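See below for the structure under consideration.
Order of appearance sets the numbers: ligands from 1, and atoms from 1 within every ligand. Please read these numbers as outputs of a predicted model, since none were measured by experiment.
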Amino acid sequence: MHILLINPPNCGRSIPEERYGITSLKQIFRGEPLALEELAGNLLEHTVRILDLKADPDGLDRELSEFQPDVVGITGVTCEANTMLRLAARVKESCPATVVVGGIHASNDPGFFNQATVDYIVVGIGKKVFAELVCALESDTNRTDLPGVIRTTPGREVTWPAVRNCLADLVMERPPAYALVQRYRSHYILEKLGITMGFVASAFGCPHHCLFCSIQGQTGGGYLTKSIETVIRDISLLPEIPIIRLVDANTFGDVKRATALGHALLASGLNKQYLADIRSDTVVRHPEMLQQWKEAGLRAVIIGFEGIDDASLSAMNKANQAAMNAEAISILNDLGITIVGDFIISPDYGEDDFDRLDTYLGSRQIDLPMITVMTPLPGTALYKQEQHRISNHNLDYYTLTNAVTPTKLEEQRFYSRYAELLVNSHHNARL
Ligand code: B12
Ligand code: SF4
């Protein structure tokens, strides 16, 4: 079969830019579409191409007419969901391919894609089941038993066989097909910082249950880790790339395994630098593990600090405390590990709240603060809680940099303060 896997173009929209000309709040990152590389890695029996529209925005028509795909797979996050549907419609207009969608939005809100232009929706990890679906399509077998696979039924509610979410779904014996994006490699840099990065997945899901987080949808709430050998193998498949971003939501969710991975990285002689996500409480409880990872090449950690006091952390079900955040910052500063710190501002923020966060960020060494707006992403616990307050239902704006519930401050003032916060906190930004 000819299978075309598509990464949507950059497509989130920005309220502060459109309404108030504030351009600094739109975050544009670039990176390889690892989801598609993982899927392609398990489709070795077929001819597969990856089209990254973030790197090649005008490539769709050319690819459809040259490659003539039998199956088109489209990935995407929530702010890309409308674009995914538009892409599906363009595919259907130009060829008879079967269209399959998957990824974080499809997993959290599958009903959104129950449209005539989409044939199948895949919920969850997908690497194994997508290959099974392709096999069924090739042999013209109508399978209704594939876990997490939905045959669309526009106008009717979607149902699907329960998602498996087990280690076999990671298909570890088959590595991501990194070679399929070789032609785009030069695009995968952080331009502002001049850093080239490669992506490797070492763990899926997270053992925690923060109210706003959509990661639960990836694994149905489970936490699955790749074997140490698999992670080392995947990293070594990117020999030219000096910095590896472990894209896991939580690389250190199983401390015993993370410690073993740290040892293995050190012993491997790979000589790379790493960026990885960790919780602040894990840093505080296991500083020795961070020391060991530092020796293995850990350059920076991404920490979801989210709030600056216990009340806000508890309202987010973060199961963590402000004191832990403070202690983690100090441990990481002492170890010389760069901190990328995520903070969430609420649309309910008043002047005092902005002042307090500004002061907090000004008085701590967080190398690269990332500030997002609390967003009720469909499928999350926060969405259930806040859905009656949502004033903007257009998913193009669900970039986590727009308020989709009403702001307490006058809207323009809210975004001015948000922009000011970023400028103030990015004086000495580094990674
Ligand atoms: C790497 C990454 C990026 C890269 C993406 C590279 C790319 N695709 O082009 C970059 C840096 C570009 C990026 C950008 C953004 N990101 Co991002 N990103 C991530 C991160 C850290 C890892 C994603 C990843 O590669 N995972 C590994 C792969 C293997 O797993 P996966 O994506 O789940 O895919 C598996 C399954 O879902 C399934 N699957 C996926 N797609 C498909 C398709 C088909 C057909 C099938 C069958 C199956 C399938 O199979 C895959 C293999 O098992 C996640 C957090 C996380 N840990 O997941 C956030 C995350 C996905 N990003 C997020 C956000 C918000 C953004 C931005 C909006 C940020 C911004 N404001 O700019 C932008 C969106 C892009 C845009 N502006 O248009 C949110 C999404 C929340 C949501 N529900 O929308 C996440 C979850 C982080 C968070 N804060 O919670 N991101
Ligand atoms: S925010 Fe982080 S710790 Fe909380 S559930 Fe999501 S990935 Fe896990």
Side-chain angles (χ1 to χ4, degrees), residues 3 5-14 25-39 41-42 52-55 71-81 83-84 99-109 120-131 133-134 148-149 169-171 176 187-188 190 197 199-201 203-219 221 223 245-251 253 277-279 281-282 302-304 306 316-320 342 344 370 372 375 377-380 395-396 398-402:
I3 303 166
L5 300 175
I6 303 181
N7 193 30
N10 279 316
C11 50
R13 294 181 63 180
S14 167
L25 292 172
K26 202 172 159 184
Q27 297 174 10
I28 302 273
F29 302 106
R30 287 222 192 105
E32 60 196 280
L34 182 59
L36 302 182
E37 295 163 3
E38 285 278 9
L39 294 176
N42 195 28
D52 187 349
L53 292 170
K54 288 187 175 63
V71 177
V72 172
I74 310 174
T75 189
V77 300
T78 300
C79 71
E80 297 170 330
T83 303
M84 290 167 76
V99 173
V100 186
V101 297
I104 196 90
H105 191 73
S107 298
N108 279 293
D109 185 19
Y120 292 92
I121 306 158
V122 173
V123 175
I125 292 167
K127 184 168 177 179
K128 187 166 170 39
V129 89
F130 185 51
L133 174 63
V134 169
V149 175
D169 292 315
L170 303 182
V171 202
H187 290 264
Y188 302 143
L190 290 181
M197 251 194 254
F199 289 172
V200 170
F204 288 78
C206 176
H208 295 272
H209 301 277
C210 305
L211 201 68
F212 55 84
C213 182
S214 59
I215 286 299
Q216 301 304 321
Q218 193 185 42
T219 51
Y223 182 61
R245 160 84 159 105
L246 295 170
V247 295
D248 327 327
N250 186 348
T251 300
D277 281 55
I278 191 167
R279 279 174 57 100
D281 49 359
T282 311
I302 299 117
I303 301 193
E306 331 293 14
M316 296 180 210
N317 200 28
K318 192 71 202 174
N320 207 349
D342 293 332
I344 304 179
M370 304 292 289
T372 56
T375 306
L377 292 164
T380 59
L395 295 184
D396 289 354
Y398 284 53
T399 56
L400 315 189
T401 52
N402 294 299

Closer than 4.0 angstrom: is that true for some heavy atom of [X] and an atom of ligand 1?
X      : value
His105 : no
Glu32  : yes
Cys11  : yes
Gly124 : yes
Cys79  : yes

Would you check whether [X] has a nitrogen or oxygen atom less than 3.5 angstrom from a nitrogen or oxygen atom of ligand 1?
X      : value
Ala249 : yes
Thr78  : yes
Arg30  : no
Asn7   : yes
Gln218 : yes
Tyr398 : no

Is the backbone N or O of [Y] less than 3.5 Å from a side-chain atom of [X], with the two atoms forming a donor-acceptor pair by type?
X      : Y      : result
Lys54  : Pro8   : yes
Tyr223 : Asn250 : yes
Arg279 : Lys318 : yes
Asn108 : Ser214 : yes

Given [options], which has its nearest heavy atom closest to [atom]?
atom                    : options                     : answer
atom 89 (N) of ligand 1 : Leu400, Ile6, Asp109        : Leu400
atom 34 (O) of ligand 1 : Gly126, Ala35, Gly76, Gly31 : Ala35
atom 20 (C) of ligand 1 : Ile125, Val129, Val247      : Val247

Among all protein heavy atoms, pick the one closest to [atom] and tell me residue, atom and distance.
atom                    : value
atom 1 (S) of ligand 2  : Lys318 NZ, 3.6 Å
atom 8 (Fe) of ligand 2 : Cys206 SG, 2.3 Å
atom 6 (Fe) of ligand 2 : Cys213 SG, 2.4 Å

Counting each atom of ligand 1 from 1 as listed, which ones have a heavy atom of [X] under 4.0 Å away?
X      : result
Asp248 : 57 (N)
Leu39  : 42 (C), 43 (C), 44 (C), 46 (C), 48 (C), 49 (C), 50 (O)
Arg245 : 21 (C)

Under 4.0 Å from a heavy atom of [X]: give me the atoms of ligand 2 that qualify, with their elements.
X      : answer
Gln216 : 5 (S)
Arg279 : 3 (S)
Phe212 : 1 (S)
Ala249 : 7 (S)

Looking only at heavy atoms, which two atoms of Ala35 and Thr75 are closest? And how far apart?
CB-OG1, 4.2 Å
Heavy-atom closest contact (Leu5 atom, Leu36 atom, distance)
CD1-O, 3.5 Å
Atom 4 (Fe) of ligand 2 and Cys210: any N/O/S contact shorter than 2.8 Å?
yes
Could you tell me whether Asn10 approaches ligand 1 through its side chain, its backbone, both or neither, with non-hydrogen atoms closer than 4.0 Å?
both
Would you mind telling me if ligand 1 is within reach of the side chain of Ile74, the backbone, both or neither, using heavy atoms under 4.0 Å?
backbone
For the [atom1] atom of [X] and the [atom2] atom of [Y], what is their distance to the nearest 0.5 Å?
X      : Y      : atom1 : atom2 : result
Met84  : Leu395 : CE    : CG    : 11.0 Å
Lys127 : Asn42  : NZ    : CG    : 6.0 Å
Glu32  : Met197 : CD    : CE    : 10.5 Å

